[in-house]
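Written below as structure tokens is the structure these notes are about.
Both ligands and their constituent atoms are indexed starting at 1 by order of listing.
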Amino acid sequence: MDDLQLRVLPLLALLASLLYFFYFQDSPTLFERSDCSLFSYNHYWIISKRIVTPRGVISGAVEVKEEKIVSIVKEEDWHGNLKRGQIIDYGEAVVMPGLIDVHAHLDDPGRTEWEGFPSGTRAAAAGGITTLIDMPLNNFPSTVSAETLKLKIDAAEKNIYVDVGFWGGLVPENAFDANSLEALLSAGALGLKSFMCPSGINDFPMTNSSHIKEGLSILAKYRRPLLVHAEIPQDSESYLEDGENDPRSYSTYLKTRPPSWEEAAIRELLTVSKDTRIGGPAEGAHLHVVHLSDAGSSLQLLKQAKSNGDSVTVETCPHYLAFSAEEIKDGDTRFKCAPPIRDAANKERLWTALLEGDIDMLSSDHSPSAPDLKLFDEGNFLKAWGGISSLQFVLPVTWSHGRQYGVTLEQLALWWSERPAKLAGQDLKGGIAVGNHADITVWEPNVEFELNNDLPVYLKHPSISAYMGSKLSGKVLATFVRGNLVYKEGKHAPAACGAPILAT
Ligand SMILES: NC(=O)NC(NC(N)=O)C(=O)[O-]
Ligand SMILES: [Zn+2]
Ligand SMILES: [Zn+2]
């Protein structure tokens, strides 16, 4: 090799790497990425007049590189110069953190004829949900051990279009078995979930307050939450008089699950939630009441617990905010769920509680079943399977009904992203902020649409959804999960590149 070659070779190598850096970095990259995303660049800017950030709504741009948000620039600061990279301009559409649904039953593995990871997560993506946390029951076997959690993770692998985490089940069988609970938590369960009434699922029996106390003491070590379905059957009050029990009438069902069931459960929970106070025996653990329906005494008790310093939060669901008992037609078992949808006055009080901050967040409690279990022919509310099917519609439902109460975009982000992320321990999710995952939903608040057969619905069984037939505003245009454009105007990315989320 002569002198000239020796001098030129390193220069050529430098030139090649510079070329690679500047040219390929912004180009469609690996083949795989183009399957995961409908937009094949890994460095780009999302521009909009309405970007919802934790510091308010701004007009500007969000810079996404690989999986993360790397900068956020206000329009007045970018001086017409967005540096290099691809640009997606969404104009006036709202750019918001992706929704995090902490309460969904995807029934996979074991009951995929009810829903399943592929259908459920496609519906989620189409609805602007970028992360969901799957409940430990309705799948089979129930997720109550490290082994059964492994079955769930295996079922989710390469089958999820959004990120999915998992709650484990707290049941009498494992509640006093610290090793078993620790194994479940060490295997990645983000927290535990239990029922204070029969769950309807044989391998998911209910717990009492001693099980819950034990569960909290283990959770404290891991600093993870316990989610509780808070209803305790009160026999005397759910008794139906003769002639009062037309099973096709919603009011009959309503009488079988009065607010006193929720109140009794919450009263009982508060005897153990005090353990979670600072300095208490379960400090570090947290108690979260799922799907609150009673806006009366139950809510007052929760307020009191919070003011006493208990580590407690509560969610309600769009169906309790959208529907009222008076409107539910005879035999329309699509509306059956537990706790039940109560009267219109209760609905108003739930909105007030949400707006005043007494209810912390929202979740779907998407809980579908095979359509035959809804017994549409009979219309028997007492025998039909309970559960509302809603996953794809929660954002437009919350917005359509919330607008009349003056709900803001920031509130939507708080209830659907920021606080759910905190509950699920997801530090890199829940807000459009530098360093966070680029989990973003883009939607048009003013676009109205009808939920009819022309609308692409990705739920496995749209016919059982109580929302079908209604008109909503707030159409999701695009959903990004860790930088991948997983959904755009009725189309999903070809590959299911959502990640299973495991606690570490
Ligand atoms: N087994 C269930 O899915 N139950 C669910 N059903 C409802 N909510 O009606 C729930 O979350 O309690
Ligand atoms: Zn429940
Ligand atoms: Zn549920």
Side-chain angles (χ1 to χ4, degrees), residues 101-108 110-116 120 124 132-144 165-171 191-207 212 225-233 250 253-254 256-257 261-262 265-266 269 287-294 298 314-323 325 328 332-342 361-370 373-375 381-391 394 420 423-424 459-461 464-466:
D101 184 5
V102 293
H103 188 160
H105 302 258
L106 295 193
D107 316 328
D108 204 341
R111 281 198 189 84
T112 48
E113 69 280 17
W114 289 17
E115 184 61 276
L132 62 81
I133 320 295
D134 193 30
M135 279 293 164
L137 73 158
N138 297 8
N139 46 285
F140 185 82
S142 289
T143 313
V144 294
F166 312 95
W167 302 120
L170 176 74
V171 290
L192 299 173
K193 157 77 181 288
S194 85
F195 270 69
M196 298 178 89
C197 62
S199 73
I201 295 289
N202 290 338
D203 69 340
F204 205 95
M206 66 187 208
T207 48
I212 289 172
L226 175 66
L227 285 73
V228 182
H229 177 128
E231 282 186 296
I232 295 181
Y250 185 76
Y253 174 59
L254 192 55
T256 67
R257 287 184 106 110
W261 286 34
E262 287 185 79
I266 290 169
L269 278 177
L287 196 92
H288 177 74
V289 172
V290 299
H291 55 43
L292 183 83
S293 172
D294 171 32
S298 305
V314 56
E315 77 192 22
T316 191
C317 310
H319 40 278
Y320 301 117
L321 298 166
F323 304 128
I328 302 174
D332 198 349
T333 56
R334 295 178 304 163
F335 291 86
K336 178 175 177 179
C337 61
I341 293 161
R342 306 193 191 280
M361 67 190 86
L362 298 173
S363 77
S364 72
D365 191 14
H366 175 66
S367 188
S369 67
L373 295 179
K374 284 285 184 186
L375 308 178
F381 274 106
L382 302 180
K383 290 198 194 139
W385 182 260
I388 297 282
S389 201
S390 61
L391 198 55
V394 292
L423 179 74
L459 300 170
K460 189 152 205 150
H461 302 294
I464 63 166
S465 174

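At least one N or O atom of H105, backbone or side chain, sits closer than 3.5 Å to an N or O atom of ligand 1. Checked by distance only, ligand 1 and N138 come closer than 3.5 Å through their nitrogen or oxygen atoms.
Among the backbone and side-chain atoms of H103, an N, O or S atom lies under 2.8 Å from the Zn ion (ligand 3). Among the atoms of H105, an N, O or S atom falls under 2.8 Å from the Zn ion (ligand 3).
Between Y253 and F381, the ring-plane angle classifies as parallel under the 30° and 60° cut-offs. The aromatic rings of H229 and F195 sit parallel, their planes meeting at an angle under 30°, below the 60° perpendicular limit.
Close contacts of ligand 1 with L137, meaning ligand atoms under 4.0 Å from a residue heavy atom, involve 1 (N). Heavy-atom proximity to G387, at under 4.0 Å, picks out these atoms of ligand 1: 9 (O). Those atoms of ligand 1 that come under 4.0 Å of a heavy atom in S199, given as number and element, are 1 (N). Atoms of ligand 1 lying under 4.0 Å from any heavy atom of D365, numbered from 1 in the order shown and given with element: 7 (C), 8 (N), 10 (C), 11 (O). The distance from ligand 1 to the heavy atoms of C337 drops below 4.0 Å at these ligand atoms: 9 (O). When each atom of ligand 1 is checked for a heavy atom of S367 under 4.0 Å away, the hits are 2 (C), 3 (O), 5 (C). Ligand-side atoms of ligand 1 in range of G386: 6 (N), 9 (O), range being under 4.0 angstrom from any heavy atom.
For I201 against S142, the heavy-atom pair with the smallest separation is CG2-OG, 4.0 Å. Shown here for K193 and L226, the closest heavy-atom pair between the two residues is N-CD1, 4.0 Å. The nearest pair of heavy atoms linking K374 to S369 is CG-OG, 4.1 Å. The two residues P205 and V171 make their nearest non-hydrogen contact at O-CG1, 3.8 Å. Residues A104 and L391 come closest through the heavy atom pair CB-CD1, 4.4 Å.
With hydrogens and angles ignored, the 3.5 Å screen pairs a side-chain donor or acceptor of T316 with a backbone N or O of L292. When atom types are taken as modelled, the side chain of E262 and the backbone of D294 share a donor-acceptor pair closer than 3.5 angstrom.
Looking at D365 and the Zn ion (ligand 3) together, the shortest N, O or S contact belongs to OD1. The N, O or S atom of H229 lying closest to the Zn ion (ligand 2) is ND1.
Neither side chain, N139 nor H105, offers a donor N or O lying under 3.5 Å from an acceptor on the other.
With a heavy-atom cut-off of 4.0 Å, H291 touches ligand 1 through its side chain alone.
Under the 4.0 angstrom criterion for non-hydrogen atoms, F195 is in contact with ligand 1. The shortest separation from a heavy atom of H103 to ligand 1 is under 4.0 Å, placing the residue in contact.
Atom 12 (O) of ligand 1 has H229 ND1, 2.9 Å as its closest protein atom, hydrogens excluded (heavy atom only).
Remark: among candidates C317, P198, S142, A338, the nearest residue to atom 9 (O) of ligand 1 is A338, based on non-hydrogen atoms.
Proximity of the aromatic rings of F335 and F323 is defined here by a centroid distance below 6.0 angstrom, and this criterion is met.
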